[in-house]
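Scroll down for the structure; my scribbles are underneath it.
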Amino acid sequence: MNIAEKMQTQLKEEIKAAVLKAGLAAENEIPAVILETPKDKAHGDYSTNMAMQLARVAKKAPRQIAEIIQENIDLSKGSIEKIDIAGPGFINFYMNNSYLTDLVPSVLAAGNRYGESNAGNNEKVQVEFVSANPTGDLHLGHARGASVGDSLCNVLEKSGYDVTREYYINDAGNQIHNLAVSVEARYFQALGQDKAMPEDGYHGKDIIDMGKELAEEFSDKFANMTKEDRYKAFREQGLKYELAKLQKDLADFRVKFDVWYSETSLYENGKIDEALDALRQNGHVYEEEGAVWFRSTTFGDDKDRVLRKQDGTYTYLTPDIAYHKDKFERGYGKVINIWGADHHGYIPRMKAAVEALGINPDQLEVEIIQMVQLYKDGEKMKMSKRTGKAVTMRELVEEVGLDAVRYFFVMRSGDTHLDFDLDLAVSQSNENPVYYAQYAHARISSILRQAAEQGLDVSADADVSLLTAEKEIDLLKKVGDFPQVVAESAEKRLPHRITNYIQELASAFHSFYGAEKVIDKDNEVMSKARLALVKSVQITMKNAFSLIGVSAPEKM
RNA sequence: GCGCCCGUAGCUCAAUUGGAUAGAGUAUUUGACUACGAAUCAAAAGGUUAGAGGUUCGAGUCCUCUCGGGCGCGCCA
């Protein structure tokens with residue numbers, strides 16, 4: 001348990017004890033004590049709404065109850081400096097700051113492990129994200145999904161979950177057929193032959209490049225094959241090429257998947273049939289008009305869904321059901337899918353399928369990432385993957401820089417439509433929030449470098465009780481918040497909380513920096529105390545950056 | 001037509017999932033560099049939380065309706 005948590009537990013117990021002592025309510029009538037950190041620090045370090053909650057039970061006015069609680073609280077037991085009653089009945093606690101002296105040494109000792117907690121109890125969680133079809137370049141929406149998904153995974157890991165990052169490769173189905181014939185057309189075009197692109201083909205630049213590369217490497221080898229062999233070859237080559245590109249682009253984006261899961265493998269190892277059988281055995285499957293249906297309406301879906309088409313092939317849903325069945329069989333307590341908003345209509349049927357397999361559908365969570373709109377020169381840019389007129393993730397990173405892209409995407413909660421202003425993101429000015437935070441880290445690094453040159457080392461036994469100035473206390477408290485911010489970010493699946501926190505931490509540091517001088521030749525004891533503080537800020541900042549996949553530069 | 005999501009400062013977004021006077025960045029205005037990094041700090045100004053009802057001690061947050069925007073609604077994936 002970290003220091004802030006300890007404080008809060010202690011305080012909660014003392015509040016409960018006071019309520020009991022005053023006879024305001026019986027033990028079983030007391031609601032769980034809720035502690036909040038007031039937005040306005042003039043309202044103390046913590047506040048509770050206990051008095052309002054007890055109004056009904058105690059049959060007294062909230063403010064009166066608050067006064068009674070106040071009288072019965074043991075200040076020293078709760079490490080409380082002062083108690084105020086405010087507003088409709090809030091009880092505000094001003095804590096004794098002496099606990100903060102323990103904070104700095106504990107952060108220094110924890111190092112890059114600072115922020116960890118065991119909130120997740122080592123539960124196995126699987127997160128599937130991006131999972132773009134291997135038929136073209138990753139674009140803006142995927143970049144958002146990759147940023148948010150990877151950050152969520154990091155935050156979950158830091159909070160004590162056992163996380164698996166997974167990418168589902170849609171290497172079966174119609175789109176791969178279209179890929180094969182698109183590659184074929186580009187190949188012949190590269191050989192100088194006039195070959196029209198198919199109606200549903202992929203017009204991306206990457207396919208043109210692939211056609212050229214194949215023509216260079218293999219010359220007219222494919223042209224001389226039988227039609228069947230040629231199709232097979234292009235299918236294979238296309239997949240290989242696209243998959244390699246996806247893996248490289250994501251690796252360059254600092255996203256590392258543990259598992260690349262092939263849809264085709266489900267066809268080959270019989271898992272689709274197993275899943276179908278399971279659904280059938282549970283009585284959720286029927287035949288009609290020559291097709292096999294899943295009665296998903298039993299579980300709240302709008303309409304029943306086809307599993308096997310009249311022509312005998314499966315719909316997209318069927319292998320996906322098998323995939324999800326397999327996920328749970330691998331022992332994950334929680335399965336999280338991060339999907340683009342264009343797939344939200346797919347949620348009810350997937351949940352229905354999970355439930356029909358006898359699994360609690362609450363174990364499947366689907367996080368929807370809203371669409372990204374790109375603006376350039378103040379105008380909306382039209383994008384279409386089919387015609388190849390999309391800005392790719394790679395281009396975006398080349399233009400904007402990886403740190404800024406990742407920061408920008410994690411900065412916003414996933415459930416709002418995002419306008420990405422290309423001109424703003426590109427600008428290397430202070431308009432770009434990522435620099436504000438990175439600058440704080442660089443500044444700290446610079447201070448530490450200079451201190452070292454002057455023979456001042458950071459040591460854990462510095463007398464941090466000297467840190468009593470307002471800005472120092474604010475900064476200490478902010479550092480102390482970190483583990484809980486991480487845990488909450490994980491629990492609520494809101495990785496953007498981390499960037500909010502980074503901004504606050506950076507702001508607290510810059511403000512402190514403006515008010516107090518760290519290295520003071522005439523006061524070595526104070527210098528050492530502040531150096532220890534600054535070092536703990538640096539550790540926290542760096543750990544926070546690493547959660548969102550952004551670098552913490554020592555110089556800029 | 002039906003379903004899901006969104007609507008908060010000029011702009012881009014937060015808001016401890018029902019808490020106090022709705023906050024940051026940016027843009028605007030003012031002040032601070034012979035200063036450990038001015039990519040910074042200090043301050044001012046900026047709001048009927050799209051609108052109308054309702055629920056309760058208390059609503060940006062929950063419910064109903066209206067308006068506006070996005071995305072879905074296939075034996076495509």
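Per chain, numbering begins at 1; letters A, B, ... match sequence-line order. What's counted below: heavy atoms across the whole structure, side chains too, no hydrogens, waters or symmetry copies.
- Put simply, K517(A) has no side-chain N or O that comes within less than 4.0 Å of OP1 or OP2 on C41(B).
- Looking at which nucleotide of RNA chain B each of M411(A) and G87(A) is closest to, the 5′-most match is held by M411(A).
- Annotation: cation-pi geometry not satisfied between R349(A) and F294(A) (NZ/CZ under 6.0 angstrom from ring centroid, within 45° of ring axis).
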- Please assess T315(A) against R308(A) for the test side-chain contact (heavy atoms from CB on, under 4.5 Å), listing each intermediate value before the final yes or no. CA-CA 6 Å; T315(A) 60; R308(A) 191 161 64 207; over 6 Å; no
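- Atom NZ of K477(A) has more than 12 heavy atoms from other residues, nucleotides or ligands within 6.0 Å.
- Distance from the side chain of K471(A) is smallest to A42(B) among G72(B), G37(B), A42(B).
- Between F299(A) and A356(A), the closest heavy-atom pair is CE1-CB, 3.5 Å.
- In this structure, the aromatic ring of F90(A) is not positioned over the six-membered ring of the base of G19(B) within 5.5 Å between centres and 30° between planes.
- Of the residues in residues 443-454 of chain A, those lying under 4.0 Å from RNA chain B by heavy-atom distance are R443(A), S446(A), I447(A), Q450(A).
- The distance from atom CZ of R63(A) to atom CD of Q70(A), rounded to the nearest 0.5 Å, is 10.0 Å.
- Checking G70(B), G37(B), C75(B) against the side-chain heavy atoms of M556(A) singles out G37(B) as nearest.
- Y439(A) has a side-chain polar atom (N or O) that falls below the 4.0 Å cut-off from OP1 or OP2 of A39(B).
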- Starting at the 5' end of RNA chain B, write a dot or bracket for each base, bracketing those in Watson-Crick or G-U wobble pairs whose two distances are under 3.5 Å and using | for partners on another strand. (((((((..((((.....[...)))).(((((.......))))).....(((((..]....))))))))))))....
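- Taking the ring centre of F512(A) as origin, the terminal cationic atom of K471(A) falls outside the region bounded by 6.0 Å and 45° from the ring axis.
- Atom CD of Q454(A) has more than 12 neighbouring heavy atoms from other residues, nucleotides or ligands inside a 6.0 Å radius.
- Across all strands shown, D40(A) has no heavy atoms under 4.0 Å from either base or sugar-phosphate atoms.
- Looking at the side chain of H344(A), the nearest of the listed nucleotides G3(B), U16(B), G19(B) is G3(B).
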- K41(A) and E470(A): CA distance, side-chain angles, deciding distance, salt bridge (charged side-chain N to carboxylate O under 4.0 Å, His left out) verdict: CA-CA 12 Å; K41(A) 73 178 178 185; E470(A) 187 192 3; 3.1 Å; yes
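- For S413(A) and A14(B), the shortest distance from a side-chain N or O to OP1 or OP2 is below 4.0 Å.
- Checked options Y323(A), F129(A), W260(A), Y261(A); the residue passing with Y167(A) is W260(A) (criterion: ring pair (Phe, Tyr, Trp, His ring centres under 6.0 Å)).
- Of all nucleotides listed (C4(B), A77(B), G37(B)), A77(B) comes nearest to the side chain of R349(A).
- Here C73(B) is the nucleotide among C73(B), G19(B), C71(B) with the atom lying nearest to any side-chain atom of K303(A).
- For H496(A), the side-chain atoms get nearest to A14(B) when compared with the rest of U16(B), A14(B), C71(B).
- Within 4.0 Å (heavy atoms only), E289(A) reaches at least one base atom of the nucleic acid.
- Candidate nucleotides A42(B), G69(B), U16(B) were compared by shortest atom distance to the side chain of H417(A), and G69(B) ranks first.
- The side chain of N174(A) lies closest to A77(B), out of G70(B), A77(B), A42(B).
- Both cation-pi conditions hold for R412(A) and F408(A): the charged atom is under 6.0 angstrom from the six-membered ring centre and inside a 45 degree cone around its axis.
- Among U16(B), C13(B), G37(B), the nucleotide with an atom closest to any side-chain atom of D419(A) is C13(B).
- Residue T37(A) has its side chain nearest to U16(B) when only U16(B), G70(B), C13(B) are considered.
- A532(A) and A462(A) make their closest contact through CB-CB, 4.1 Å (heavy atoms, listed as atom of the first residue, atom of the second, distance).
- Protein atom CE of M541(A) is 13 Å distant from nucleotide atom P of U40(B), rounded to whole Å.
- None of V306(A), V292(A), L307(A), L276(A) except one satisfies the side-chain contact (heavy atoms from CB on, under 4.5 Å) rule with Y314(A); the exception is L276(A).
- Taking a 4.0 Å limit (strictly below) on heavy-atom distances, residues 41-54 of chain A reaches RNA chain B at H43(A), S47(A), N49(A), M52(A).
- Residue contacts shown for L418(A) are limited to sugar-phosphate atoms, with no base heavy atom under 4.0 Å away.
- P62(A) comes within contact range of no nucleotide atom at all, as no heavy-atom separation falls under 4.0 Å.
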